[in-house]
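Here's the structure we're looking at; comments come further down.
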Amino acid sequence: MSELSVNHLLGIKYLNEEDIELIFKTADHFKEVINRPIKKVPSLRDITIANLFFENSTRTRLSFELAEKRLSADVVNFSAASSSVKKGETLIDTVNNILSMKVDMVVMRHPNPGAGIFLSRHVKASIINAGDGAHEHPTQALLDSYSIRERLGGVAGKKVVIVGDILHSRVALSNIFALKLQGAEVKVCGPKTLLPKHIESLGVSVETNLKKALEWCDVANMLRVQNERMDISYFPSTREYSQQFQLNKKLLESLNKEIVVMHPGPINRGVEITSDVADAENAIILDQVQNGVAVRMAVIYLLASKINR
Ligand code: CP
């Protein structure tokens, strides 16, 4: 297969296994490119991309911008906080105004689930979802699987536990879809209050004891508690949460085996993970960030090849 089955990247649930394989093969090529002295290719010189961020971001925003520039695309950046959205302009009006300046592709992070899907139905541009509320964060899941593949030689058959605030996490949902599609076994672990009802229907198992989950897994993906999405308390205190769900050196050493430690960032050091674990050799947190550029270059390149221009 030489092209994606989709015209937008709205979520992993719209991709198939061949799409993911194609993205990874293309990312392998771009990873080699960004390790050259001249880290740039002229592939997208005729493409203009708008990065629309209606929510805060460090990794995703910088990584998309770098990926676009490494492909020689023209790039415009938009931040809701300093825009006319603050004067009441709607999402559609905002995007249509940007598109009238001849933009071909939109990368959007938005607090509302489904914002990217909505946009794809109303504007003529290729849309990449850079995180929509608690719904999906597809490029994060792709770079996570790519990093597992790089470290362990593949994803199929690997046991991956996703730990923490599953209820409010777009990273968890996209990872579940991506890992299952590639044949991994997936478990979720966290306080009962932060595990969605019926999560097993997605083909994952549930564990509320972190030590047991870690004894089972090859890879632990530690998630941040998403306080910004909580309107009530889901656990008594941060201290109690950490006592039960923090990955620390003592717990890791008690396993008598090595596991790969992942975190999508931003890390709350000392809450879900201790610094000694986050900075250890078997933690691939910065590899994930580095791979994010190559994976996003692949996604942008493959979607751009489907634009009529
Ligand atoms: N992982 C991630 O999405 O980080 P940012 O919120 O900093 O983009």
Side-chain angles (χ1 to χ4, degrees), residues 56-60 62-63 131 134 137 140-141 143-148 150-152 158-176 178-179 184 186-195 199 204 206-230 233-292:
N56 295 341
S57 168
T58 298
R59 279 146 292 270
T60 311
L62 288 178
S63 174
H137 191 351
Q140 179 69 44
L143 72 89
D144 288 344
S145 284
Y146 186 83
S147 302
I148 294 173
E150 185 177 67
R151 178 58 73 111
L152 296 179
K158 297 296 180 296
K159 293 177 177 172
V160 181
V161 62
I162 307 171
V163 182
D165 179 3
I166 312 298
L167 185 66
H168 300 99
S169 175
R170 54 194 175 210
V171 174
L173 191 59
S174 287
N175 260 278
I176 290 169
L179 291 165
V186 184
K187 198 183 280 298
V188 291
C189 176
K192 273 196 182 132
T193 49
L194 290 177
L195 298 173
I199 184 98
V204 304
V206 172
E207 176 59 70
T208 52
N209 181 308
L210 179 57
K211 187 165 162 48
K212 281 189 187 166
L214 295 173
E215 280 164 349
W216 169 86
C217 76
D218 303 306
V219 179
N221 195 351
M222 305 302 298
L223 302 183
R224 181 176 65 89
V225 173
Q226 317 247 323
N227 289 312
E228 71 275 24
R229 297 195 210 290
M230 295 182 184
S233 283
Y234 287 82
F235 46 85
S237 67
T238 303
R239 191 163 165 268
E240 270 193 47
Y241 178 85
S242 297
Q243 278 171 352
Q244 288 189 57
F245 296 102
Q246 180 189 77
L247 186 56
N248 54 46
K249 205 172 173 195
K250 192 174 157 209
L251 187 52
L252 263 191
E253 285 176 353
S254 75
L255 300 177
N256 293 318
K257 65 167 185 176
E258 281 233 331
I259 61 166
V260 176
V261 176
M262 303 177 71
H263 195 304
I267 296 175
N268 284 147
R269 287 175 184 262
V271 179
E272 70 274 8
I273 191 167
T274 52
S275 280
D276 47 8
V277 172
D279 300 332
E281 198 280 324
N282 58 328
I284 59 166
I285 298 169
L286 291 180
D287 298 339
Q288 290 172 257
V289 177
Q290 192 183 88
N291 287 333

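Side-chain contact between Arg269 and Asp279 is present, with at least one heavy-atom pair separated by less than 4.5 Å. In this structure the side chain of Trp216 never reaches within 4.5 angstrom of the side chain of Glu207, judged on heavy atoms. By the 4.5 Å heavy-atom criterion applied to side chains, His137 and Thr60 are counted as neighbours. The side-chain heavy atoms of Pro264 and Leu223, taken from C-beta on, include a pair separated by under 4.5 Å. Proximity of His263 to Glu272: side-chain heavy atoms (C-beta onward) are separated by under 4.5 Å at one or more points. Side chains of Ile148 and Leu179 form a contact here, defined as non-hydrogen atoms less than 4.5 Å apart. Here the side chains of Arg224 and Pro266 are in contact, with some heavy-atom distance below 4.5 Å.
To the nearest 0.5 Å, the span separating OH on Tyr241 from CG on Asp165 amounts to 7.0 Å. Separating the CD1 atom in Ile273 from the CG atom in Asn248 is a distance of 9.5 Å, to the nearest 0.5 Å. Atom CG in Asp287 sits 6.5 Å away from atom OG in Ser147 (nearest 0.5 Å). If you take CG on Asn175 and OG on Ser169, they are separated by 8.0 Å, rounding to the nearest 0.5 Å. Here the straight-line distance linking atom CG of Leu286 with atom CG of Asn291 works out to 11.0 Å at 0.5 Å rounding. Taken to the nearest 0.5 Å, the NZ atom of Lys159 stands 13.0 Å off from the CD1 atom of Ile259.
Across all their heavy atoms, Ala178 and Ala141 have their closest contact at CB-CB, 4.1 Å. Contact between Glu258 and Asn282 at its shortest, heavy atoms only, is OE1-CB, 4.1 Å. Taking every heavy atom of both residues into account, Met262 and Val219 meet most closely at SD-CG1, 3.4 Å. Contact record, Leu143 with Gly292: CD2-CA, 3.7 Å, taken as the closest heavy-atom pair. In terms of heavy atoms, Phe245 sits closest to Cys189 at CE2-SG, 4.1 Å.
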Ile176/Ile162 under side chain to side chain contact (heavy atoms under 4.5 Å, CB included): CA gap, chis, key distance, verdict: CA-CA 9 Å; Ile176 290 169; Ile162 307 171; 3.9 Å; yes
I'd like to know whether His168 forms a side chain to side chain contact (heavy atoms under 4.5 Å, CB included) with Val225, so could you lay out the CA-CA distance, the side-chain angles of the two residues, the decisive distance to 0.1 Å, and finally the verdict. CA-CA 8 Å; His168 300 99; Val225 173; over 6 Å; no
Can you check side chain to side chain contact (heavy atoms under 4.5 Å, CB included) on Gln288 and Gln140, steps first, answer last? CA-CA 9 Å; Gln288 290 172 257; Gln140 179 69 44; 4.0 Å; yes
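Counting heavy atoms of neighbouring residues, nucleotides and ligands inside a 6.0 Å radius, atom NZ of Lys192 does not exceed 12 of them. Counting heavy-atom neighbours within 6.0 Å of Asn56 CG, excluding the residue itself, gives a total of 12 or less.
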Side-chain donor/acceptor pairs under 3.5 Å, residues 249-256, sequence neighbours excluded:
{"unit_1": "Ser254", "atom_1": "OG", "unit_2": "Lys211", "atom_2": "NZ", "d": "3.2"}
{"unit_1": "Ser254", "atom_1": "OG", "unit_2": "Leu251", "atom_2": "O", "d": "2.6"}

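In this structure a side-chain-to-backbone donor-acceptor pair under 3.5 Å is present from Gln246 to Gly270. Listed for the Lys257 side chain is a donor-acceptor partner under 3.5 Å among the backbone atoms of Glu215.
Screening Leu167, Val206, Leu173 for a side-chain contact (heavy atoms from CB on, under 4.5 Å) with Ile199, the sole residue that qualifies is Val206.
Salt bridge Asp218/Arg151: absent, no basic N to carboxylate O contact under 4.0 Å.
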